[in-house]
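Each remark here refers to the structure printed beneath this line.
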Amino acid sequence: MKIEKVFGYQVLDSRGRPTVAASITLDDSSVHTARVPSGASTGAHEAVELRDSGTPREEKFYGGKSVFTAVAHINIKIAPALVGKVTALQEVDLAMKEIDPSLNHSGLGANATLAVSLAAAKAEAHSKNQSLARLFTPQGPLLLPMPMVNILSGGAHANRTLDIQDVLVLPHGAKSFSEALSWIVAIRELAAVRGREKGLVTHLVADEGGLGIPFDSIEDACSFVVSCIEELGLKPAVDVSLALDIASTQFFIDGKYELHNAKKSYTPAQFVDFIASLIKNQPIISIEDPFAEDDWSSWSNYAAIAPQQLQLLGDDLFTTSPTRLQRGITEKSANAILIKPNQNGLVSDTLRVLESAHEAGFKTVVSARSGETEDSWLSDLATGWKAQQIKVGSTHGSERTAKWNRLLEFEATEETKFAQPF
Ligand code: PGA
Ligand code: ZN
């Protein structure tokens, strides 16, 4: 099928901020639309998201965050290059790289390129009469990923109620995706009740739907979630383990890790020890960004002493970039990578990063952003790409449940297997 029209426009994300949507119309009159997410704890090495701040296109009521420049790039620069071509993700991504050869997509804007790339993937799936997940796994059972779900939020997502960004859970003892999800909903609900009883909940729902319960100490926050797991009759470390997103780049200031709520300051070497003791004392199976995005030596120093079964996960460290992943593989900095398509800017290149990670024996976690939309393409990609894990925030908010519900749809209607990465 051929591309008849490519059209970009501005929509809103779950934080009420502008983001980019793109539609591709095919010659059978079908329309394929995709909307892109946006982060708050954005890594310095991410592909460039174009915002209008300081440009003539800036819309004053959006505080510089409007995206009319990126939208114009779709309509003026990208559309003419694609109209009339056969719809195929690879070709569309290549055409955009020809227009803007910069590696970080700063010319067109990664929010423009990703919207078009996703719309192209959806259009190609349609032209083959497949779902987006089946475009990548045409045959055999679909692999439903293990959910990594936010219970407590802090950092940049919840007004720093916690020094770290998230305390999450991994229900690795569950036998099915729906069982896993039911455990998580119960843990989150109980955490809300127990938090309220203790008079703790001050900032109820954070950007990703987690509970903004204030804790001065990270250990106390972990123990609180563990107590909820136990109260439900689930076994910590056996049924459900903790996963932390430290997002430490956010508090790495002048070469030191500054825990504001705990009123403590650590050198990188001291922070390696701090992380090591946290992992010893709590049933944590995954830790994300324990060290800052350019503090490579702390990453490899800790990796050398970390327990073998621990998932050491790079988000801001890798920013879904092939060169940064390669460095991490060479330096043995981590053993897992967060895969965020909008850190990369193109669907086909994001898939390549995921495949290189799998080849190197890394685990992969396909991830949403803190600013999301009701679009559910992420669930199709995680499933079709056999990522084994998915992280989309909490179980609250339609922009989050859209992803869970898509996975539940697969489980109900397709032949599936539930990933067991731990
Ligand atoms: P972000 O956070 O989308 O605000 O960058 C998500 C994460 O750090 O995993
Ligand atoms: Zn993160």
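Numbering of ligands and ligand atoms starts at 1, following listing order. Residues: numbered from 1 along the sequence shown. Remember, it's a predicted structure, so these values are computed and weren't measured experimentally.
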In plain terms, say whether Lys340 and Glu46 are close enough for a salt bridge, that is, a side-chain N and a carboxylate O under 4.0 Å apart. no
Which atom of Glu288 is nearest the Zn ion (ligand 2), counting N, O or S only? It is OE2
Only residue of Arg400, Lys403, Arg15 satisfying salt bridge (charged side-chain N to carboxylate O under 4.0 Å, His left out) with Glu372 is Lys403
Checking side-chain contact (heavy atoms from CB on, under 4.5 Å) between Thr113 and each of Asn344, Leu346, Asn342, Asp93, which is the one that passes? Leu346
Sub-4.0 Å heavy-atom approach of Ser41 to ligand 1: yes
Ligand 1 versus Asp315: contacting region, heavy-atom distance under 4.0 Å: side chain
Does the side chain of Thr373 pick up a donor-acceptor pair with the side chain of Asp375 at under 3.5 Å? no
Within ligand 1, which atoms have a heavy atom of Ser370 less than 4.0 Å away? 1 (P), 3 (O), 4 (O)
Quick one: does Ala40 get an N or O within less than 3.5 Å of an N or O on ligand 1? yes
The closest protein heavy-atom partner of atom 6 (C) of ligand 1 is Lys340 NZ, 3.4 Å
Report, in ascending order of atom number, the atoms of ligand 1 lying under 4.0 Å from any heavy atom of Glu288. 9 (O)
Tell me whether Asp316 has at least one N, O or S atom under 2.8 Å from the Zn ion (ligand 2). no
For atom 8 (O) of ligand 1, what's the nearest protein heavy atom and its distance? Gln165 NE2, 2.8 Å
Do other residues, nucleotides or ligands put more than 12 heavy atoms under 6.0 Å from Leu103 CG? no
Check against side-chain contact (heavy atoms from CB on, under 4.5 Å), Ser41 and Thr249: CA-CA 8 Å; Ser41 66; Thr249 304; over 6 Å; no
From CA spacing to verdict: side chain to side chain donor-acceptor pair (under 3.5 Å), Arg188, Ser394: CA-CA 8 Å; Arg188 190 194 180 282; Ser394 186; 3.0 Å; yes
Do any N/O atoms on Lys391 end up under 3.5 angstrom from N/O atoms on ligand 1? yes
Residue, atom and distance of the protein heavy atom nearest atom 5 (O) of ligand 1 read Arg369 NH2, 2.7 Å
In terms of atom number and element, which parts of ligand 1 are under 4.0 angstrom from non-hydrogen atoms of Asp245? 7 (C), 8 (O), 9 (O)
Check ion pair Asp13-Arg369 (N to O, under 4.0 angstrom): no
Is the Zn ion (ligand 2) less than 2.8 Å from an N/O/S atom of Asp245, whether that atom is in the backbone or a side chain? yes
Any N, O or S atom of Asp315 closer than 2.8 Å to the Zn ion (ligand 2): yes
Option among Thr320, Thr364, Thr323 that satisfies the side-chain contact (heavy atoms from CB on, under 4.5 Å) test with Val353: Thr320
Can you name the atoms of ligand 1, numbered from 1 with element, that are less than 4.0 Å from a heavy atom of Gly39? 1 (P), 3 (O), 4 (O), 5 (O)
What distance do Lys256 atom NZ and Gln270 atom CD have between them, rounded to the nearest 0.5 Å? 7.0 Å
